[in-house]
Trainee: 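Starting off with a structure, shown below.
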Amino acid sequence: MASGEAQAEEAEVIELLPNATFRLRLANEDRVLAHAAGASKANFVRLRLGDRVKVERSPHDRTRGRITGLIAE
């Protein structure tokens, strides 16, 4: 992986915030502040507490990310 690439990881939604922003908990207990990526907003995907999502963390700020998909249970 190149140094400038984002890493995709699985996370759980633990807090719903305004403006399509969410606080997520990763498997290693790290907390990430993430926003919904384009297709999620365009298709009105609703995320709720406890949902499992795929998130890409920023290589520059590891506490920020972008939700790229919902993981089916």
Trainee: Quick one: closest heavy-atom pair of E9 and L26, and the distance?
Mentor: OE1-CD1, 3.7 Å

Trainee: Is it the case that over 12 heavy atoms from other parts of the model lie below 6.0 angstrom from the CG atom of N19?
Mentor: no

Trainee: So, taking the atom named CG in L16 and the one named CZ in R46, what distance separates them when rounded to the nearest 0.5 Å?
Mentor: 11.0 Å

Trainee: Got a sec, which residues hit side-chain hydrogen bond (donor to acceptor under 3.5 Å, both in side chains) with R31, two or more places apart in sequence or on another chain?
Mentor: none

Trainee: Charged N to carboxylate O below 4.0 Å: is that the case for E10 and R52?
Mentor: yes

Trainee: Considering only heavy atoms from C-beta outward, does the side chain of T68 approach that of V55 to under 4.5 Å?
Mentor: no

Trainee: What I'd like to find out is whether the side chain of L47 reaches to under 4.5 Å of the side chain of F22, using heavy atoms alone.
Mentor: yes

Trainee: Do V13 and L24 come within less than 4.5 Å of each other through their side chains, counting heavy atoms only?
Mentor: yes

Trainee: Can you check side chain to side chain contact (heavy atoms under 4.5 Å, CB included) on V32 and R64, steps first, answer last?
Mentor: CA-CA 5 Å; V32 177; R64 301 276 180 162; 5.7 Å; no

Trainee: When you group the ILVMFWY residues by side-chain heavy-atom contacts below 4.5 Å and let the links chain together, are I67 and L49 in the same group?
Mentor: yes

Trainee: Of all the heavy-atom pairs spanning A34 and R66, show the shortest one and how long it is.
Mentor: CB-N, 4.2 Å

Trainee: Would you kindly say whether D61 and T63 are connected by a side-chain donor-acceptor distance under 3.5 Å?
Mentor: yes

Trainee: Assigning hydrophobic clusters by single linkage (Ile, Leu, Val, Met, Phe, Trp, Tyr; side-chain heavy-atom cutoff under 4.5 Å), is L33 placed with V53?
Mentor: no

Trainee: Does the pair R57/D30 count as a salt bridge with the N-to-O cut at 4.0 Å?
Mentor: yes

